[in-house]
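Residues: numbered from 1 along the sequence shown.
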Amino acid sequence: MITGKNYIGNELSSIGSDTYKTFDPKLNLETEWTFYEATKEEINKAVGKAHEAFQTYKNFSGAKKAEFLEAIAEEIEALGDELIRAYCKESGLPEGRAVGERGRTMGQLRAFAQLLKEGSWVEATIDTAQPDRQPMAKTDLRKMLLPIGPIAVFGSSNFPFAFSTAGGDTASALASGCPVIVKSHPMHAGTGELVSSAVIKAAERTGMPDGIFSNLNSSGIEVGQQLVLHPKVKGVGFTGSIKGGTALYKLANERKEPIPVFAEMGSINPVVVLPSALREKGQDWAKQYASSVMMGAGQFCTNPGLILGIKSTSLDVFINALGEEIDKLEPSCMLHPNIYNNYEKGKKELSGQGGADVVAEYEKVVAPNYAKQKVLTVNGANFLKNPKLHQEVFGPFSIVVRCADSKELTEVLNRLEGQLTGTVLGSPDELKVHSSAVDALKGRVGRLIFNGVPTGVEVCPSMQHGGPFPASTDSRFTSVGVSAVKRWVRPVSFQNWPQELLPEELQDGNPLAIMRIVDSEHTNKKIE
């Protein structure tokens, strides 16, 4: 049941007087649910509980933390249709998307649980003592990754499950040994509360300390700001706009004790279409990319917002085909009137830039909050001199750039801001011919795709979801896949430490049987 209250650890709380409602974008009206804005007292209590919980939770075994994560997945599934209905009502997204995203979220939780059970993720490294070494004795040193403390997680607008309350940031932080305080996204606060109830049930069921998880409601920015500035919060996870992510990053770095902010933000995900792709599969690629641009009303961080090609008749044919294919597709509902209005504003601004021509624009009448798709084209010279054309328009929108030649294509790629993904369509031989362009693309993205579409992010160890700024605030880390756990830890060395007081991961006997680096050798053997 949705109460509209805040979860302060295991306690439901509503001591404030300010409230707000969520919105049903398909019906174009508010939902029946009222939510209480978290007060400063509730924020302090949630963070205080998280700090206390950390003193216990950080020492829990991987197996015990894994049990907790698996229990969360089970409790989310147990919410059944009530959760799916809330998701659809607050997002305007279809039931199939809700069910799929719920499955992905449970899969993430279980993947981190498996990581914890295996245990080698802590990167245990041991250099044993050499007391007789000349000219200087070598001391015993042992290093591993340890959790940093309570983490503030900001729910995203476009993934109410997978990047929100119990999404990747929360799952990875809990796996690392860090408690989590979620700042629920105001567009799907009811969905967030239901998921929070599952997390709390799982925590109680598996004997987790009170405060291991809290969920705070807020329709504005003040609660998020207070969380980031709270001295007992030690890290931040964010998925959203460049404006929001950079504001949190700046705030965190202005603290007396700066803390890391791992923000996944904007991306237009450039796609380079080489001549062979146009000659051999131009029509097919046009159809695939029309669908990719339209997927989820264009509300994916990996939406292909920029397509680049070298001026030719084949490119002209591809552009026309893309326009025809995208015009065939029916618009779908966006997440919220605010997102729809921002889409219309961004679309209008970029359409008004000099040298931009319309390739396709859906003109039929649609229901409120349904996004009409649009594709523009511009030449490479205009794109290079006008940075506004580099901006992300969050929705079913894309720009095709006609570059004069391979040199200009490379220059355009070198001028781009950081991106989550970069795609090349063509043949393997062409990658060699256009190696300068490929190298330029590689320097701007976190994931390189060959002959595919960027939409769709596989949750697996090899996934890199992050890229140079402004795609993310730290391109060395991913927000998807089990290596995301490394955002919430720091390396600690133990020098000449008593065996019985060392973490099990570093003890000579290796009781967890994990893989370690011992005197430069990868091994799971005991130290004799």
* Using the ring of Phe318 (Phe, Tyr or Trp, six-membered ring only), decide whether Arg279 places NZ or CZ under 6.0 Å from its centre and within 45 degrees of its axis. =>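 Judged by the rule, Arg279 and Phe318 form no cation-pi pair.
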
* Main-chain N/O of Ala297 paired to Gln373 side chain as donor or acceptor, under 3.5 Å ->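 Such a contact is absent between Gln373 side chain and Ala297 backbone.
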
* Asked: Would you say the side-chain atoms of Thr170 pair up with the backbone N or O of Thr165, donor to acceptor, closer than 3.5 Å?
  ->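 Answer holds: yes.
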
* Candidates Gln464, Arg447, Glu264 - the one meeting side chain to side chain contact (heavy atoms under 4.5 Å, CB included) with Leu420 ->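 Among the candidates, only Glu264 passes.
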
* Is Ser157 close to His336 at the side-chain level, that is, under 4.5 Å between some pair of heavy atoms? ->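 They are not in side-chain contact.
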
Quiz question: by atom type and distance under 3.5 Å, do the side chains of [X] and [Y] form a donor-acceptor pair?
X	Y	answer
Ser267	Gln419	yes
Ser483	Thr478	no
Ser406	His434	yes
Thr31	Lys89	no
Thr421	Asn269	yes
Glu325	Gln288	no

Residues which pass side chain to side chain donor-acceptor pair (under 3.5 Å) with [X], listed by chain and number, not counting sequence neighbours:
X	result
Glu37	Ser218, Ser219
Lys21	Thr34
Arg255	none

* Asked: Any chance the rings of Tyr370 and Tyr340 have centres within less than 6.0 Å?
  ->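 That pair fails the under 6.0 Å test.
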
* In terms of heavy-atom contacts, does CD of Glu349 have more than 12 from other residues, nucleotides or ligands at under 6.0 Å? ->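 Counting neighbours around CD of Glu349, more than 12 heavy atoms of other residues, nucleotides or ligands fall under 6.0 Å, so yes.
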
* Got more than 12 heavy atoms from elsewhere within 6.0 Å of CZ, Phe300? ->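 Yes - once you tally the heavy atoms of other residues, nucleotides and ligands closer than 6.0 Å, there are more than 12.
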
* So Glu77 and Arg102, salt bridge (charged side-chain N to carboxylate O under 4.0 Å, His left out) or not? Walk me through it. -> CA-CA 8 Å; Glu77 191 166 29; Arg102 180 183 61 181; 6.0 Å; no

* How far apart are the C-alpha atoms of Phe397 and Val293, what are their side-chain angles, what is the distance that settles it, and do they pass the side-chain contact (heavy atoms from CB on, under 4.5 Å) test? -> CA-CA 7 Å; Phe397 177 88; Val293 170; 5.9 Å; no

